[in-house]
Amino acid sequence: MMMGRSSAARTSASAPPRPGDDESRDATVLARLAAIKTMSVADLKAEWQRLFGADAPNNSRPFLELRLAYRIQELAYGGPSRETVRLLDALADELQGKPGRKAMLRESRMPVAGTRLVREWNGVEHTVTVLRDGFEWEGRKYKSLSAIARAIAGTRWNGWRFFGLREIKRGER
């Protein structure tokens, strides 16, 4: 029984702190976030220098406030997850036309190629086959489920919802 507790303590100790874990930390973060709203632009730029170690990029108060608020929380609770950083890198590569990590950009709800999605609409059963790069319905290829749902229903639908595919929650992966 002791082993279970110590391994759980180790797991939570290695995980980044989260809001609600430490009331003192939360109070400090909230106070710092509230203080941002009362600072002058010059004070915001000084805070930027302190938190980022560089000059502020511009004088836009809303930009400085938002970015400083994010940085304060990032320092207190940790930054984006490794998975998020990898996804952002892949998106940047795609925008810059670099080949590579495109497979990471795949929709998390996307079933494997060959899966058949069946939906009854107005008494008619419709079958869609998932392809590597889209979907096939009634012998035609579509890039999105929403286009197929629109063709079936005659009105705009979220294709994922129309075919009963829900988003996978973080803990279910």
Side-chain angles (χ1 to χ4, degrees), residues 4 7-8 10-12 14-23 25-26 29-30 33-34 36-37 57-58 60-173:
S7 66
R10 254 188 313 227
T11 303
S12 64
S14 64
R18 298 179 50 88
D21 287 349
D22 179 352
E23 288 182 26
R25 175 183 292 137
D26 293 347
V29 169
L30 288 172
L33 295 176
I36 287 174
K37 288 295 195 184
N58 64 40
S60 167
R61 179 179 191 86
F63 173 81
L64 293 172
E65 286 177 353
L66 287 172
R67 189 61 187 98
L68 285 169
Y70 180 88
R71 182 68 175 153
I72 289 167
Q73 293 172 83
E74 179 182 41
L75 292 172
Y77 302 118
S81 69
R82 190 174 324 166
E83 180 182 326
T84 300
V85 171
R86 287 180 46 204
L87 178 61
L88 291 172
D89 286 344
L91 288 168
D93 287 352
E94 184 176 325
L95 281 173
Q96 295 170 359
K98 293 180 183 176
R101 299 178 261 193
K102 203 167 197 164
M104 289 179 55
L105 302 178
R106 182 180 162 110
E107 170 65 52
S108 65
R109 298 172 283 191
M110 179 68 103
V112 295
T115 301
R116 293 171 42 148
L117 306 173
V118 180
R119 171 67 150 96
E120 184 180 325
W121 183 260
N122 290 339
V124 178
E125 188 174 276
H126 298 274
T127 302
V128 173
T129 303
V130 178
L131 307 173
R132 285 188 64 210
D133 57 345
F135 306 91
E136 186 265 328
W137 174 65
E138 292 190 341
R140 290 187 55 209
K141 191 172 175 184
Y142 292 82
K143 287 201 176 277
S144 76
L145 281 174
S146 295
I148 298 171
R150 189 175 312 121
I152 292 171
T155 186
R156 290 185 180 269
W157 266 87
N158 176 307
W160 300 103
R161 183 166 288 153
F162 185 83
F163 285 97
L165 299 172
R166 63 182 180 81
E167 187 170 352
I168 297 172
K169 304 268 190 285
R170 191 175 258 187
E172 295 177 7
R173 288 187 183 161

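Quantities reported herein were computed from a predicted structural model and do not represent experimental measurements.
Heavy atoms of other residues, nucleotides or ligands lying less than 6.0 angstrom from CD of E23 number 12 at most.
For the atom pair CG of L88 and CD of E83, the computed distance is 10.5 Å after rounding to the nearest 0.5 Å. E136 CD to T127 OG1: the interatomic distance, rounded to the nearest 0.5 Å, is 9.5 Å. Here the CD atom belonging to Q73 is positioned 5.0 Å from the CG atom belonging to L33, to the nearest 0.5 angstrom. Taking CZ of R150 as the reference point, atom OG of S144 lies at 6.5 Å (rounded to 0.5 Å).
When all heavy atoms of L145 and L165 are compared, the pair lying nearest together is CD1-CD1, 3.9 Å. Annotation for R61 and K37: closest pair NH2-O, 3.2 Å, computed over non-hydrogen atoms. Of all heavy-atom pairs spanning G159 and S146, the tightest one is N-OG, 2.9 Å. The two atoms that bring I36 and A69 nearest to each other are CD1-N, 3.7 Å, heavy atoms only. Between P17 and R25, the shortest heavy-atom distance links the atoms CB-NH1, 2.7 Å. Residues F135 and K143 approach most closely at CE1-O, 3.8 Å, considering heavy atoms.
For H126 and W137, the ring centers are positioned less than 6.0 Å apart.
Among residues two or more places apart in sequence or in another chain, the side-chain hydrogen bond (donor to acceptor under 3.5 Å, both in side chains) test is passed with E74 by R71.
Side-chain contact of Y77 with D26: a donor-acceptor pair under 3.5 Å is present, judged by distance alone.
A donor-acceptor pair under 3.5 Å links the side-chain atoms of R119 to the main chain of F162, judged by distance alone.
Proximity of W157 to I152: side-chain heavy atoms (C-beta onward) are nowhere separated by under 4.5 Å.
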Open item on the list: Between Y142 and V128, does the side-chain contact (heavy atoms from CB on, under 4.5 Å) criterion hold? Intermediate values first, please.
Closed with: CA-CA 10 Å; Y142 292 82; V128 173; over 6 Å; no

